[in-house]
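So the structure is just underneath, and the comments pick up after that.
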Amino acid sequence: MKVRIRRFDGQKAWWQDYEVDAKPSDTVLDILNRIREKHDHTLAFRQSCQMGSCGSCGMVINGLPALACQTRISELKTESIRLEPLYNYKVIKDLVVDLTDFVNKHRSVKPWMIRKNPQELEEAPMEFKVTPDQNLTFVQFDYCIMCGLCLAACPTVAIDPLFLGPQALAQAYRYIADPRDEGFEERIEILDDSHGVWRCHFAGACSYVCPKGVDPAKAIQYLKKEVLKYRLLHKKKASVKPAELIQKPPPANAPKPPPFDFKIEGGE
Amino acid sequence: MEKEKEEKRYKSGLLRSLRPYKFNLERYTYTLHRITGVILILYLIAHVFEIYHLALGPVAWQQTMALLSSLGIWEKIGLWIIAGSALYHGANGLRLILNEAFGMLLGKPVLPEYPYTPTSLSRNQKIAIYTIVVIVVALWIWAGIYLLWGLGII
Amino acid sequence: MPSKYSLLKESWNMILMYALALIMIFVLTFHLLLVSPLTGKTFDQVLTYSYVLHNLTYYRIVFGLLLYAAVIHGLNGLRVVLIEWLHVKRFQWIINMIIVMLMAFLLALGTYTLIAI
């Protein structure tokens with residue numbers, strides 16, 4: 001199997017070819033590990049879990065951003081493999097890219113639960129309630145592993161590095177759709193910027209390359225709908241009031257449940 | 001010089017953003033939408049100037065028309081491309097309004113299950129895009145026949 | 001003034017884009033039908049002085065609507081392309097100013113044409 005890798009050592013960039021033994025069941029990450037073990041110890045790439053849940057090994061495989069650990073050689077159906085670092089990022093070395101901007105964008109949309117009264121969280125007698133139906137409205141966007149493939153695929157990020165990007169916008173929608181969250185207005189002011197949500201023109205490439213089925217494009221279109229509703233009709237995404245949110249503990253005079261019987265029927 | 005190269009983002013830029021090769025159908029529609037939009041605004045600026053000559057009287061109008069017909073067949077081909085741009089930009093823009101402002105054709109949020117087919121790019125979206133392509137191509141051919149018929153070719 | 005009502009937000013821009021786009025779908029269709037084979041004329045015949053003048057004066061309001069919708073929608077779209085492409089915050093004011101000036105010029109020229117004929 002012929003593997004062509006784009007190398008970069010901080011000074012110059014070049015293409016390097018390797019000839020590697022490979023089985024059809026090997027993943028691209030197996031091939032990379034084999035190259036590092038047997039052919040070239042200087043090759044740099046990120047990896048951790050090898051099972052598609054850490055999002056470290058994102059790279060461009062034959063022109064399409066993908067996770068190396070989840071791409072089998074037999075799926076590629078090509079004689080040779082061409083590996084490049086992710087598009088639209090600064091390259092540190094070989095296949096390792098600088099994710100600083102990416103993480104900062106994620107942080108800028110406040111990806112955490114915002115309550116107007118933070119005391120609620122400490123004084124709550126029981127946990128915050130989310131019904132299965134409510135959960136289904138945002139849980140898909142919660143599966144993001146922050147691999148950064150969507151920003152490599154996005155055509156707007158390619159020309160506009162200030163654009164927040166599909167990952168951050170999808171996470172913003174995940175928290176806006178959450179009934180426990182009250183930070184809607186706070187986030188809208190960040191998102192409704194000249195490099196915010198409206199720079200998405202629905203090319204859909206982010207959803208196409210997403211390895212976890214998060215579908216960021218869908219989240220962003222729903223986010224646009226929420227922003228329009230807010231600006232035109234002053235309608236906020238409904239968040240749950242503290243009284244509804246917290247399951248009440250049973251009253252003191254409630255009948256106690258019968259003690260559990262350890263006796264097994266048919267036993268001794 | 002070496003330092004600057006390191007700071008540049010890998011393979012980004014205008015051409016890369018307009019290059020949908022290997023990606024999904026929606027990214028092709030994005031590229032076309034953007035290119036047709038730029039064609040149309042450049043034409044609009046010229047068109048406002050062209051119509052302005054109407055206010056200067058019949059002689060000025062005749063001169064403008066003579067200037068345009070001196071381009072020969074390229075005038076008709078240019079107008080044909082502009083007509084196609086307008087048809088595509090309008091039809092695809094309508095789909096984008098449905099998507100973005102009304103959240104239609106996207107599917108509801110679901111639990112992701114392997115092989116993770118995104119619902120926003122699945123059946124409804126594809127049907128909409130192919131409908132647009134069929135309608136636009138049909139109308140574009142009609143416009144082409146009309147433009148060239150005036151030229152006396154067909 | 002609360003930011004909720006701020007007209008400088010990007011979403012008002014897009015609301016304008018969507019509204020003008022929906023208007024243009026009807027008005028531009030009408031405009032294209034006036035120069036289409038359905039008029040029963042060849043393409044060179046629809047560009048004669050008398051025919052164009054008759055259309056513009058008879059449907060003056062429709063063409064005025066089309067002019068304003070098309071110029072604002074189109075130049076706003078060009079502005080979006082430019083601020084994405086040049087993406088330096090310092091340039092944004094310059095781009096906005098150029099676009100506004102171009103818009104004012106084209107609208108003035110078009111309005112003058114529609115009034116003068």
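So that the names make sense, note that chain A is the first sequence line, chain B the second, and so on, each numbered from 1. Since this is a predicted model, take the numbers as computed values, not measurements.
- Ring orientation note: the planes of C:F43 and B:Y146 are nearly perpendicular, at an angle over 60° on the 30°/60° scale.
- For the residue pair B:V48 and C:G110, the shortest heavy atom distance occurs at CG1-N, 4.2 Å.
- Within the 4.5 angstrom heavy-atom criterion, no atom of B:H53 approaches chain C.
- Across C:L78, C:V52, C:L67, C:L114, the residue that shares the most heavy-atom pairs under 4.5 angstrom with chain B is C:V52.
- With a 4.5 angstrom heavy-atom cutoff, C:L75 touches chain B via backbone and side-chain atoms both.
- Around atom OH of B:Y28, more than 12 heavy atoms belonging to other residues, nucleotides or ligands sit under 6.0 Å away.
- Taking CG of B:L68 as the start and CG of C:L47 as the end, the distance is 8.5 Å to the nearest 0.5 Å.
- B:L94 has its side chain within reach of C:L22: a pair of non-hydrogen atoms, C-beta onward, lies under 4.5 Å apart.
- The number of heavy atoms from other shown groups lying within 6.0 Å of CZ (C:F30) is above 12.
- Here the side chains of B:W61 and C:L53 are not in contact, with every heavy-atom distance at 4.5 Å or above.
- In this structure, the portion of C:V46 lying under 4.5 Å from any heavy atom of chain B is its side chain and not its backbone.
- Of the two parts of C:L106, the backbone and the side chain both hold a non-hydrogen atom closer than 4.5 Å to a non-hydrogen atom of chain B.
- Ring orientation note: the planes of B:H89 and C:H73 are nearly perpendicular, at an angle over 60° on the 30°/60° scale.
- With values rounded to the nearest 0.5 angstrom, C:L109 atom CG is found 11.5 Å from B:I45 atom CD1.
- Of the two parts of C:S50, neither the backbone nor the side chain holds a non-hydrogen atom closer than 4.5 Å to a non-hydrogen atom of chain B.
- Around CG of C:L38, the count of heavy atoms belonging to other residues, nucleotides or ligands within 6.0 Å exceeds 12.
- When heavy atoms are compared at a cutoff of 4.5 Å, C:I15 does not approach chain B at all.
- Considering all non-hydrogen atoms of both residues, B:A55 and C:I117 come closest at CA-CG2, 3.8 Å.
- Counted within 6.0 Å of CZ on C:R60, heavy atoms from surrounding residues, nucleotides or ligands total more than 12; the atom is thus considered enclosed.
- Taken to the nearest 0.5 Å, the OH atom of C:Y18 stands 7.5 Å off from the CG atom of B:L96.
- Within 6.0 Å of the OH atom in B:Y116, the count of heavy atoms belonging to other residues, nucleotides or ligands exceeds 12.
- Residues B:S17 and C:W85 are not in side-chain contact: their nearest non-hydrogen atoms beyond the backbone lie 4.5 Å or more apart.
- When each of C:E84, C:Q45, C:M24, C:M14 is checked for heavy-atom pairs under 4.5 Å with chain B, C:E84 comes out on top.
- When the shell of 6.0 Å around NZ of B:K126 is examined, it contains more than 12 heavy atoms from other residues, nucleotides or ligands.
- Highest contact tally toward chain C, considering only B:L54, B:L40, B:L42, is held by B:L54 [criterion: heavy-atom pairs under 4.5 Å].
- Counting heavy atoms from C-beta on, the side chains of B:I41 and C:V81 never come closer than 4.5 Å.
- The environment of OH in C:Y49 is crowded: more than 12 heavy-atom neighbours from other residues, nucleotides or ligands sit within 6.0 Å.
- The neighbour count for B:L111 CG, taken as heavy atoms of other residues, nucleotides or ligands under 6.0 Å away, is above 12.
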